[in-house]
There are 2 protein chains.
Amino acid sequence: MLTERRAAILGMVVNEYISTAEPVSSRAIVARHHLDISTATIRNELARLEEDGYITQPYTSAGRVPSDMGYRTFVEMLMSEEPVEAQEQRTIEHQLHQVMGGLDEWLSLSATILAGSVGNAAVVTRPRAASSRIRHAQLVELNHDTALLVAVMDDGRVRQRMLPLQSPTSQAQLTDRAVRLNVRIEGADARIARAVAAELPDPDEAATARAIADLIDEQRIAEETFLDGLNAVLKQPEFLDTDRMLEAVATLQAYRVRRVLEQAIDAQIGSTQVVIGREHGDDSMQEWSMVISRYGDEDAIGTVAVIGPTRMAYHRTIPRVRYVARLMSHLLHEVRQA
Amino acid sequence: MLTERRAAILGMVVNEYISTAEPVSSRAIVARHHLDISTATIRNELARLEEDGYITQPYTSAGRVPSDMGYRTFVEMLMSEEPVEAQEQRTIEHQLHQVMGGLDEWLSLSATILAGSVGNAAVVTRPRAASSRIRHAQLVELNHDTALLVAVMDDGRVRQRMLPLQSPTSQAQLTDRAVRLNVRIEGADARIARAVAAELPDPDEAATARAIADLIDEQRIAEETFLDGLNAVLKQPEFLDTDRMLEAVATLQAYRVRRVLEQAIDAQIGSTQVVIGREHGDDSMQEWSMVISRYGDEDAIGTVAVIGPTRMAYHRTIPRVRYVARLMSHLLHEVRQA
DNA sequence: AGTTAGCACTCTCGACTGGAGAGTGCTAAT
DNA sequence: ATTAGCACTCTCCAGTCGAGAGTGCTAACT
C-alpha cells in the first residue's frame, strides 16, 4: 500500500533524481526538505517503496532511482505541472510568427522551439488528413511528353507529380483540361475522384483524374517527421559514454520513434499522453520516455512529441508539449478555414 | 625534396593510416609491403618526411600520422582512385530510380545513398538557379481575405505563399487574374517580374506580381541542405570519446558546413574539390575533410559533398562523389528540359 | 653514400591496489 | 513507530608498475 507519507517521499525521490541525475540517498531527502524525521525512517520507507517496485538501487548500498512505475505514479498522482509563463508563451508565439513561409517551415520551427524549451529532442509530424480533399488542380507543361500535375489540398498543402502525356499537348490545352477537371473534381476525396475518372470519356483526362486521386491518397498517408534537439538530448548525463550516445543517435533517427507515434494515434486532441521506458513495446526504447500530443481538428491530425531519457522533467515537459500542440492547432485552423 | 622513394613511403603511411586509424610504424610498413629494406632505413626516411611537414608523431616515439599537407600530397600525387564498380553503379542508380516522388525526395535519397557508399556523412543541397524564372502562377482561394499563390518555377519546383486580399475575391476572379498575369509574366526572372508589377494599373494585380517576384528571389536564395550518415561518421574511431562525439554532432548540424559549401561555389561542374583540415578557414573544421562536387548545368547548380574526419578514404570517396554528382546532373536535366 | 643491426630510451596503456567516502541494512534502545 | 549507532558493501579515484611498442642514435657494413 502506498501510504500518504510514502507517496510524498516517492515524489521527493523522483524530483531530486530528475534534477541531479544521481541516485538519491536518505540523507539528501531529509536535508533538502528539512524534514523532522530521521534518515533511518526514510530508509525504512525507501525499503518499502523498493519492495513495491517504485524505485530501485543501481547497486547494493547506493541511493535510489525511480523505476518506470515510479515515474508513472509521479506523473499521474504526485507531480504538479509547471505552467508555461506568459513571458515564455510570448517568446514562443513570436518565434513562430516570424516565419510566414509554409507549413513545413512552421513544423520544423515548432520542433526546434519545443526542443529548446524542454532541453530534449522534439518531433513534429505533418498533419494527416482523416479524409483528404482536393481544392484545386493545375497542369503545367514540362516538356513535350510530360506535364506537371500540381494539386492544392484543402489543408493548404501542395502536392505535385509528373504526368506522362499520350500525345503532345500545349500549355493552353493543359490549362483547358485543368479547368474542366476542376469543375468536376473540386472538393472530392480520393474515392470520388476515382469515380469521376471512371466516367470521363477522354482517356487523358481520366488518367489525370486518377493521378489526382493518387495524390489525395498519398497526402493522407505521407507523414513526414521533423526532428530537432539531438544535441540537447545527447548532453544529458545518461549518455556520457560513447556506446550509449551512438545508440541514442541511432534510436532517434530510426523509424521506431515513428512507430510509437502511430501507436498513440487514438489519443484525443488536446490531451497529452506519456509513455515511459518499457511501456513502449520496443526494447530499444527502454530508457526513453515520450510526451505525445495530437494537434489539428477532426479533419487533419498531426503529432507533437518530446523524446528524452526516462529521467525527464515531466512537470515541465507535459505542459509545454500541450501548449505547443494547442498553438499548432490554431495555426492549422487559420490556414484551413475555407 | 620529396624523392621518389620518400613519396612512395608517404603513400604507404597514408594508406595504412586510413585503413587502420593507428599511428604507422616503420615495422608495419616493411611488413605490409614486404619491402627489401630495413626498418631503420624507413625510419630515416620517416624522419625526413616529418622534417618536411608531411607527417607528425602524436607523441615521442609513437608511429607516424599524416598531416594535412601529407593528405594533400596524397590526394594530388600519390593516390590511385578506386573506380565505382559497375555493380555498385547499378545498385545506386536502381535505388535512385525507385523514387519518382519529387526533387526533394531525390536529394534526400542521394545523400543517404552517398553516405552509405562511403561510410561518412553526406550533404546534398538543392540546385540553386543562377537566375530563376517562373513558368506558371496560380491563385487559389483560401478564405475570404487570403489566397494561396502557387508558382511553378522553370526547374520544376513549386513555391507557395499566402497572399492577403484587399477585397473579397471569388475563385473565378482569382483564376482570371492568374490567367492575365501568366501572359505577361511567364518566363520572367525577378527583375522582369518587378518591372511588370510597376506597370500594372490594378493594385491587387500589382501586389500579386510583386509577390511572384519575391518567390522567384527566394527560390534563387533558399538553399536547403539534406544531410545523412551521422551514425556512420560517429562510428569512426576518432570520435570515441564523448566530447569529440558531441562536438562532431554539433559541427555537422551547424551552418559552418553550409558556409564551406558556399566557399566552393566557384568550382567547375564535373570537377571535384577536396578541402582538408585546416584548409577550411574554420577552426572547428580542423579535423574534418570535405569532398565537394557541383552538379547541374549553367542554369541551376547544386552541391554534393561528403564530410568525414581528415583520415578519409579519399581514393574511394572522390570517385563516388563525382559519380553521384554526375548522376544528379542527368536527373536534373531530365526534369528541366523544356 | 646509403644501409643496417643493436640498443638505450620514451611514452602509452592496461591491470592492479588500496584507501576514502557515500550509503545502506540491521539491531537494539527509546 | 522511530531513531541512534555501527558494521558492511560498493564505487570511485589516484597512484603504481610492468609490458610493449616504437623511436633515434651510434657504429659497423657494403
Side-chain angles (χ1 to χ4, degrees), chain A residues 1-10 12-14 16-17 20-67 70 237-238 240-242 244, chain B residues 1-10 12-14 16-17 20-67 70 237-238 240-242 244:
Chain A
M1 245 236 36
L2 191 63
T3 65
E4 200 169 324
R5 187 172 72 175
R6 269 209 280 287
I9 291 177
L10 175 57
M12 295 177 206
V13 171
V14 177
E16 189 74 7
Y17 186 64
T20 64
E22 306 265 301
V24 182
S25 73
S26 52
R27 199 157 53 88
I29 295 176
V30 173
R32 168 76 75 121
H33 300 273
H34 308 293
L35 299 184
D36 282 338
I37 47 182
S38 77
T39 57
T41 309
I42 300 288
R43 277 202 291 284
N44 286 332
E45 296 289 47
L46 289 178
R48 286 297 306 272
L49 282 168
E50 181 165 9
E51 212 171 285
D52 295 347
Y54 294 104
I55 52 182
T56 55
Q57 281 177 299
Y59 51 87
T60 333
S61 71
R64 297 315 207 290
V65 166
S67 66
E238 11 272 294
L240 47 64
D241 93 274
T242 34
R244 285 164 185 269
Chain B
M1 246 236 38
L2 191 63
T3 65
E4 199 168 323
R5 189 173 70 176
R6 269 210 280 288
I9 291 177
L10 175 56
M12 297 178 205
V13 171
V14 177
E16 188 74 7
Y17 186 62
T20 64
E22 305 265 301
V24 182
S25 74
S26 50
R27 200 158 53 88
I29 294 176
V30 173
R32 168 75 75 120
H33 299 273
H34 307 291
L35 300 183
D36 282 338
I37 46 182
S38 76
T39 58
T41 308
I42 300 286
R43 278 202 291 283
N44 286 331
E45 296 289 48
L46 289 178
R48 287 297 304 273
L49 283 167
E50 180 164 12
E51 213 172 284
D52 295 348
Y54 294 104
I55 53 181
T56 55
Q57 280 177 301
Y59 51 88
T60 333
S61 71
R64 297 314 208 290
V65 166
S67 66
E238 10 274 293
L240 49 62
D241 92 274
T242 34
R244 284 164 185 271

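Lettering follows sequence order; numbering is per chain, from 1.
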Checklist entry - Using the C1' atoms of five pairs at each end, what's the angle between the two axes of the helix from C:dG2-D:dC29 to C:dT30-D:dA1, to 10 degrees? => result 20°
Checklist entry - Considering residues at least two apart in sequence or located in another chain, which fulfil the side chain to side chain contact (heavy atoms under 4.5 Å, CB included) criterion with B:Ala8? => result B:Met12
Next on the checklist: Could you report the tightest heavy-atom contact between B:Tyr17 and B:Pro66, atom names first, then the distance?
Outcome noted: CD2-CD, 3.4 Å
Item to check | With B:Val30 via side chain to side chain contact (heavy atoms under 4.5 Å, CB included) - residues at least two apart | outcome: B:Leu35, B:Thr39, B:Ile42
Checklist entry - Among residues 44-67 of chain A, which residues get a heavy atom nearer than 4.0 Å to DNA chain D? => result A:Asn44, A:Tyr59, A:Thr60, A:Ser61
Checklist entry - Between C:dT27 and A:Arg43, is there an OP1 or OP2 to side-chain N/O distance shorter than 4.0 Å? => result no
Next on the checklist: By the 4.0 Å heavy-atom rule, please label A:Thr39 as base, sugar-phosphate, or nothing.
Outcome noted: nothing
Next on the checklist: I want to check something: taking the side chain as every heavy atom from C-beta on, are A:Leu2 and A:Asp52 in contact at a cut-off of under 4.5 Å?
Outcome noted: no
Checklist entry - Checking side-chain contact (heavy atoms from CB on, under 4.5 Å) for the pair A:Thr41/A:Arg5: CA distance, chi angles, key distance, verdict? => result CA-CA 11 Å; A:Thr41 309; A:Arg5 187 172 72 175; 3.7 Å; yes
Next on the checklist: I need the CD1-P distance between B:Ile42 and C:dA5, as an integer number of Å.
Outcome noted: 13 Å
Checklist entry - Between A:Ser26 and B:Ser38, which has a closest nucleotide on DNA chain C that is more 5'? => result B:Ser38
Checklist entry - Does anyone know the first and last nucleotide of DNA chain D in reach of chain B, 5' to 3', at under 4.0 angstrom to a heavy atom? => result D:dG22 to D:dG24
Next on the checklist: I need the CG-C1' distance between B:Asp36 and C:dG2, as an integer number of Å.
Outcome noted: 16 Å
Next on the checklist: Nearest 0.5 angstrom please: B:Ile29 CD1 to B:Leu10 CG, how far?
Outcome noted: 9.5 Å
Checklist entry - Restricting to pairs with a member in residues 54-67 of chain A, which pass side-chain hydrogen bond (donor to acceptor under 3.5 Å, both in side chains), not counting sequence neighbours? => result A:Glu50-A:Arg64
Next on the checklist: Does atom CZ (A:Arg27) have a neighbourhood of more than 12 heavy atoms from anything else shown, all under 6.0 Å?
Outcome noted: no
Next on the checklist: Could you measure the distance from the CD atom of B:Glu45 to the CZ atom of B:Arg6? Nearest 0.5 Å is fine.
Outcome noted: 5.0 Å
Next on the checklist: Applying side-chain contact (heavy atoms from CB on, under 4.5 Å) to B:Leu46 and B:Val13, what does each step give before you reach the verdict?
Outcome noted: CA-CA 9 Å; B:Leu46 289 178; B:Val13 171; 3.9 Å; yes
Checklist entry - Mind telling me whether D:dA1 is syn or anti, cutoff 90° either side of 0? => result anti
Item to check | Spatial distance of atom CD1 (B:Ile9) from atom CD1 (B:Ile55) [nearest 0.5 Å] | outcome: 9.0 Å
